[in-house]
Chemist: 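Structure below; questions to follow.
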Amino acid sequence: MSRRLRLAVLAVGGAGLAVLLVLACLDLPSFGGRRHPYGDRAVRASLARHTANTIASVNFDLRAYDTLGEMSILFAAVLGCVVLLRQARDEHRAPPAPADVAPAVARYALVVLPIALVVGVYVMAHGQLSPGGGFQGGVVAATALHLLHLGADYRALERVRPIGAFEVCDALAAGAYLVLGLTGVLAGTAFLANTLLPYGTFNTLSSGGTVPLLNAAIGMEVASAVVVLLARFLEQAVEIEEEQGS
């Protein structure tokens, strides 16, 4: 295919996309309106499926397939980071030297660590009920764990952060999300359809059908992914050094 023909195909495709975007914009509700059709439908669907947090209903029910794509992007980023930052042949690991931590910083970090960890787990567990969810709670829990690096030293962090276990947990959580979606197909409904479990009592932890399970899977995947990402970058800064004379 010649360069001119490729440009022609690109122009035709771009023009078609532009027409579709213009037509979509012409059918949008008026700017600044108090009501929005999609928002109304999302709220009705959320209430019908006993999910108090409409955002969680959108992420893990109405658009759960989109969330699968977002999770896959993060999983691919972690995989790429692990491959690119692996120890090279001309590098070696040096034991990290103990770091001097200011007493005020150490006290603050060690006091805040358990509180932040509990908050992260709480945000994950209550994602279908209140603002937050697996993405936010996973990041909070993972970063809370790294307060140990500030409050003590890198070796203390290593003892409570087995990288291999978190890598396995990341893969298992991503697989659990897929398994929940495929279970719906095997049950005769649709992929990631919220029809497998009873919706439960509104505004309780067991409400929302499969929303809490998908939310928990995302929370574990995000928390594990952030831990692995930070671990690989910290290794480069603290442990891995180039061989002498290379």
Side-chain angles (χ1 to χ4, degrees), residues 42 45-46 49-83 116-146 160-201 204-232:
S46 174
R49 294 166 186 175
H50 298 184
T51 308
N53 183 6
T54 303
I55 304 300
S57 177
V58 172
N59 289 337
F60 302 110
D61 188 355
L62 305 180
R63 297 177 59 185
Y65 192 78
D66 293 352
T67 303
L68 173 62
E70 297 168 6
M71 179 191 69
S72 301
I73 292 172
L74 179 59
F75 186 81
V78 173
L79 182 60
C81 179
V82 170
V83 172
L117 192 59
V118 170
V119 169
V121 175
Y122 178 89
V123 172
M124 281 192 286
H126 292 75
Q128 72 276 14
L129 304 179
S130 57
F135 285 102
Q136 299 86 342
V139 172
V140 172
T143 52
L145 187 64
H146 287 78
V160 300
R161 187 206 58 189
I163 300 302
F166 280 99
E167 289 175 344
V168 171
C169 185
D170 187 14
L172 289 177
Y177 196 98
L178 286 171
V179 168
L180 286 169
L182 293 174
T183 303
V185 177
L186 296 176
T189 57
F191 183 66
L192 291 172
N194 190 0
T195 56
L196 295 175
L197 301 175
Y199 295 139
T201 303
T204 62
L205 282 177
S206 59
S207 62
T210 57
V211 170
L213 298 180
L214 294 176
N215 178 64
I218 287 293
M220 294 302 298
E221 199 277 333
V222 170
S224 301
V226 172
V227 168
V228 173
L229 283 174
L230 292 176
R232 294 307 179 188

Chemist: Would you say the side-chain atoms of Ser46 pair up with the backbone N or O of Thr51, donor to acceptor, closer than 3.5 Å?
Modeler: yes

Chemist: Quick check: closest heavy atoms across Cys169 and Ser224, and the distance to 0.1 Å?
Modeler: SG-OG, 3.3 Å

Chemist: Nearest heavy-atom pair of Ala142 and Val227: which atoms, and what distance?
Modeler: CB-CG2, 3.7 Å

Chemist: Restricting to side-chain contact (heavy atoms from CB on, under 4.5 Å), what partner residues turn up for Val228, sequence neighbours left out?
Modeler: Val78, Val82, Phe166, Glu167, Arg232

Chemist: Could you pull out all residues at least two apart from Ala174 that satisfy side-chain contact (heavy atoms from CB on, under 4.5 Å)?
Modeler: Met71, Phe75, Glu221

Chemist: Supply the atom-to-atom distance Leu192 CG to Thr183 OG1, rounded to the nearest 0.5 angstrom.
Modeler: 9.5 Å

Chemist: Taking only residues two or more places apart in sequence, or in another chain, which ones meet Ala231 in a side-chain contact (heavy atoms from CB on, under 4.5 Å)?
Modeler: Arg161, Ile163

Chemist: Closest heavy-atom contact between Met124 and Gly219?
Modeler: SD-CA, 3.4 Å

Chemist: When rounded to the nearest 0.5 angstrom, what is the spacing between CG in Leu197 and OG in Ser206?
Modeler: 10.5 Å

Chemist: Holding to salt bridge (Lys or Arg N to Asp or Glu O under 4.0 Å), I want the full list of residues that pass it with Asp170, two or more places apart in sequence or in another chain.
Modeler: none

Chemist: Among residues two or more places apart or on two chains, list those pairs meeting ring pair (Phe, Tyr, Trp, His ring centres under 6.0 Å) that have a residue in residues 167-186.
Modeler: none

Chemist: What heavy-atom pair brings Ala116 and Ala144 nearest, and what distance separates the two atoms?
Modeler: CB-CB, 3.5 Å

Chemist: When you compare the side chain of Phe191 with that of Leu178, does any pair of heavy atoms fall below 4.5 Å?
Modeler: yes

Chemist: Mind listing the closest non-hydrogen atom pair of Leu62 and Ala45 along with its distance?
Modeler: CD2-CB, 3.8 Å

Chemist: Run the numbers on Val140 and Val123 for side-chain contact (heavy atoms from CB on, under 4.5 Å), then give the verdict.
Modeler: CA-CA 9 Å; Val140 172; Val123 172; 5.8 Å; no

Chemist: Could you note down all residue pairs passing side chain to side chain donor-acceptor pair (under 3.5 Å) where residues 186-196 supplies at least one of them, sequence neighbours left out?
Modeler: Asp61-Asn194, Thr189-Thr195, Asn194-Thr210

Chemist: For residues Leu145 and Leu230, determine if any side-chain heavy atom of one lies less than 4.5 Å from a side-chain heavy atom of the other.
Modeler: no

Chemist: Under the side-chain contact (heavy atoms from CB on, under 4.5 Å) criterion, do Ser57 and Val211 qualify, and how do the steps go?
Modeler: CA-CA 7 Å; Ser57 177; Val211 170; 5.5 Å; no

Chemist: With sequence neighbours left out, what residues match His126 under ring pair (Phe, Tyr, Trp, His ring centres under 6.0 Å)?
Modeler: Tyr122

Chemist: Which residues pass the side-chain contact (heavy atoms from CB on, under 4.5 Å) test with Leu172, sequence neighbours left out?
Modeler: Val168

Chemist: Under the criterion side-chain contact (heavy atoms from CB on, under 4.5 Å), I'd like the reasoning laid out for Asn59 against Ile218: C-alpha separation, chi angles, the key distance, then a yes or no.
Modeler: CA-CA 11 Å; Asn59 289 337; Ile218 287 293; over 6 Å; no

Chemist: How would you list all residue pairs meeting salt bridge (charged side-chain N to carboxylate O under 4.0 Å, His left out) that involve residues 207-216, not counting sequence neighbours?
Modeler: none

Chemist: Using the side-chain hydrogen bond (donor to acceptor under 3.5 Å, both in side chains) criterion, which residues pair with Asn53? Sequence neighbours excluded.
Modeler: none

Chemist: Could you tell me whether a side-chain N or O of His50 sits under 3.5 Å from a main-chain N or O of Gly200, the two making a donor and an acceptor?
Modeler: yes

Chemist: With side chain to side chain donor-acceptor pair (under 3.5 Å) as the rule and sequence neighbours excluded, what pairs involving residues 62-78 come up?
Modeler: Arg63-Asp66

Chemist: Which heavy atom of Leu214 sits nearest a heavy atom of Ala64, and at what distance?
Modeler: CD1-CB, 4.4 Å

